[in-house]
Amino acid sequence: PGRKRLNNFIGSAALFLYGAFLWEKMHDNHHAHHRAPATADDPDYEVSERPLNWLGAFFVRYYSWRNLLLTYLHVGIVYVISGSFADLMV
């Protein structure tokens with residue numbers, strides 16, 4: 001709190017490194033989720049009895065070809081540098 005630029009930088013870097021997510025989209029949806037959790041206004045709310053349906057809706061809502069391409073690129077770079085997929089678990 002009180003250091004918005006630093007918070008945005010750290011949040012942006014963490015989301016990008018985690019899954020090539022864009023800070024602006026995740027930030028706005030995160031706050032919308034906290035304003036109206038488990039309601040029709042909650043961007044993360046999916047009416048379903050099955051957890052995989054929620055996961056699928058989340059994936060479609062937040063992931064794009066860009067995310068997948070950058071994630072595969074990251075995996076490839078780690079593999080080329082280390083020679084092992086085990087290093088991806090760290």
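Summarising the geometry, atom NE2 belonging to His33 is positioned 13.0 Å from atom CG belonging to Asp41; distances are rounded to the nearest 0.5 Å. Summarising the geometry, atom CG belonging to Leu55 is positioned 11.0 Å from atom OG belonging to Ser48; distances are rounded to the nearest 0.5 Å. Taking CD1 of Ile10 as the start and CZ of Arg3 as the end, the distance is 8.5 Å to the nearest 0.5 Å. A distance of 11.0 Å separates CH2 of Trp54 from CG of Leu52, quoted to the nearest 0.5 Å. Rounded to the nearest 0.5 angstrom, Ile77 CD1 and Ser82 OG are separated by 11.5 Å.
For Phe58 and Tyr63, the distance between ring centers is not under 6.0 angstrom.
Linking Ile, Leu, Val, Met, Phe, Trp and Tyr whenever their side-chain heavy atoms come within less than 4.5 Å puts Tyr72 and Phe59 in one cluster. Grouping the Ile, Leu, Val, Met, Phe, Trp and Tyr side chains by contacts below 4.5 angstrom, directly or via other members, places Phe9 apart from Leu17.
Contact of the Leu22 side chain with the Arg66 side chain is registered, since non-hydrogen atoms from C-beta on lie closer than 4.5 Å. Within the 4.5 Å cutoff, the side chain of Leu68 has heavy atoms near those of the Trp65 side chain.
A salt bridge (charged side-chain N to carboxylate O under 4.0 Å, His left out) check over residues 43-54, counting only residues at least two apart or in different chains, returns the pairs Glu46-Arg61. For residues 13-29, the set of pairs meeting the side-chain hydrogen bond (donor to acceptor under 3.5 Å, both in side chains) definition, not counting sequence neighbours, comprises His27-His31, Asn29-Tyr62.
By the side-chain hydrogen bond (donor to acceptor under 3.5 Å, both in side chains) test, Asn67 pairs with Ser64, sequence neighbours left out.
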